[in-house]
There are 2 protein chains.
Amino acid sequence: MPFPQTEIPGRLQSQLSERGVRMTAQRRAILSVIETAKKHLDASSILRKAQKMDATVDRSTVYRTLELLKRHGAIDELDLMHMEGERHFYERKTGRDHLHMACLRCGKITEFESELFEDLKKQLERDCRFHILVARLEVGGYCAACRK
Amino acid sequence: MPFPQTEIPGRLQSQLSERGVRMTAQRRAILSVIETAKKHLDASSILRKAQKMDATVDRSTVYRTLELLKRHGAIDELDLMHMEGERHFYERKTGRDHLHMACLRCGKITEFESELFEDLKKQLERDCRFHILVARLEVGGYCAACRK
DNA sequence: ATCTAGTTGCGACTTAGTTGCAACTAGAAC
DNA sequence: GTTCTAGTTGCAACTAAGTCGCAACTAGAT
């Protein structure tokens, strides 16, 4: 996941406030969990971590907040090839899109940015006259370490 | 979805038989539903349609058969940007990969094949030394008709 | 200090998919 | 054709993931 060293903590929160989104203690807890995540988190991990900061946070608030963040284009939702279960994972949306490679043997998730990915999106915008809001490219297979 | 006019009906079935997969009446029904689908179907639509051919087909058999087909690389699983609900959609896997564009306004799904997509996959294989088994590119946004 | 539209926790619910098990069966071996 | 067995099935009960209606609460504007 993208952890730009330049990211200011609380950036996500102020970004939303500026957009007129009301801030609550529960939202602050959830946002800070997402902002400081060291790996891709699913809804129930976000809930668990958020409850450590504010014990009142409820499951439904997490889902509602994730919906809100998706609508505002602040996070991306991933499936990571549904390697275990059907849950979704979330990550902060940063400037540039990247794709996810999921190793089906060791479970490692690798991210990759590519100019070709950008070109492909441009091609869709142009040739299909499709206005892209989200683009999700997930690849399943074997990583360098797992392929013999 | 890809409906190659050249596809021989029952092709999927013989492809699996050759691989040593045991054929049952239930599997034949499910395979024929998938082969003749005119649009992307989810598990419960496949169940409903398969039951019209063989009333004994059970939900769990559909899920188990979809698992089998995925393992054999005979079908691809799609999320279609989870536009409504969390269910998955399935389509026959044909030679060439294609991407799916989902219009978030009208719900239309458009498929697109692109040399750039192939190039991008080649880049991953080469630069990341990642052995690709499945590649799923889904795009959400507004189609030509819905963008003003 | 007041007001209200937006937000919350709760609990009950839905939807999608999984599992253990006894009964059944495809297809290989004779 | 008969036998045999590993693979497959339906069933019913279950889990996991997410949704929703509603009364109570509250952020932030006035």
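Chain identifiers are assigned alphabetically (A, B, ...) following the order of the sequence lines, protein sequences preceding nucleic acid strands; residue numbering begins at 1 within each chain. Source: prediction; values computed, not measured.
OP1 or OP2 of D:dT8 has not a single side-chain nitrogen or oxygen of B:Gln26 nearer than 4.0 Å. Here B:Arg27 reaches the OP1 or OP2 of D:dT9: one of its side-chain N or O atoms lies under 4.0 Å away. For C:dT25, neither phosphate oxygen OP1 nor OP2 lies less than 4.0 angstrom from any side-chain nitrogen or oxygen of B:Thr24. For D:dA17, neither phosphate oxygen OP1 nor OP2 lies less than 4.0 angstrom from any side-chain nitrogen or oxygen of A:His88. In terms of phosphate contacts, A:Tyr63 brings no side-chain nitrogen or oxygen within less than 4.0 Å of OP1 or OP2 of D:dT19.
Ionic pairing of A:Asp54 and A:Arg28 is not present here: no N-O contact between side-chain nitrogen and carboxylate oxygen is shorter than 4.0 angstrom. Between B:Glu67 and B:Lys70 a salt bridge is recorded (basic side-chain N to carboxylate O distance below 4.0 Å). At a threshold of 4.0 Å, the pair A:Glu115-A:Arg96 counts as salt-bridged, since one of the basic side-chain nitrogens sits closer than that to a carboxylate oxygen. A salt bridge links A:Glu118 with A:Lys121: the distance from a Lys NZ or Arg NE/NH1/NH2 to an Asp or Glu carboxylate oxygen falls below 4.0 Å.
Linking Ile, Leu, Val, Met, Phe, Trp and Tyr residues whenever their side-chain heavy atoms come within less than 4.5 Å places A:Leu99 and B:Met101 in a single cluster.
Between A:His82 atom NE2 and D:dG18 atom P there is a gap of 10 Å when expressed in whole angstrom units. As rounded to whole Å, 16 Å separates atom C1' of D:dA17 from atom CG of A:Leu41. At whole-Å resolution of the value, CD in B:Glu77 and P in C:dA16 are 13 Å apart. As rounded to whole Å, 15 Å separates atom P of D:dA16 from atom CG of A:Leu47. In this structure, A:Leu66 places its CG atom 15 Å from P of C:dT7, rounding to the nearest Å. Summarising the geometry, the separation between CD on A:Glu84 and C1' on C:dA16 is reported as 17 Å, rounded to the nearest angstrom. Atom P of nucleotide C:dT7 and atom CG of A:Leu69 are separated by 12 Å, given to the nearest angstrom. Rounded to whole Å, the distance from CD on B:Gln51 to P on D:dT9 is 14 Å.
In this structure, A:Leu47 CG and A:Lys52 NZ are separated by 11.0 Å, a value rounded to the nearest 0.5 Å.
Of the candidates D:dC20, D:dC11, D:dA6, the closest approach to any side-chain atom of A:Ser60 belongs to D:dC20. Nearest nucleotide to the side chain of B:Thr56, out of C:dG27, C:dT8, D:dG10: D:dG10. The side chain of B:Glu86 sits closest to D:dG18 out of D:dA13, D:dA6, D:dG18. Residue B:Arg59 has its side chain nearest to C:dG17 when only C:dG17, C:dC10, D:dT8 are considered. Residue B:Asp58 has its side chain nearest to D:dC11 when only D:dC11, D:dT9, C:dA5 are considered. Across D:dG28, D:dA17, C:dG17, the shortest atom-to-atom separation from the side chain of A:Arg87 is found for D:dA17.
When each of B:Ser44 and A:Asp54 is assigned the nucleotide of DNA chain C bearing its nearest heavy atom, the one mapping closer to the 5' terminus is A:Asp54. Of the two residues near DNA chain D, B:Arg64 and A:Ala25, the one whose nearest nucleotide lies more 5' is B:Arg64. If B:Arg22 and A:Ala43 are placed on DNA chain D by their nearest nucleotide, the residue sitting closer to the 5' end is B:Arg22.
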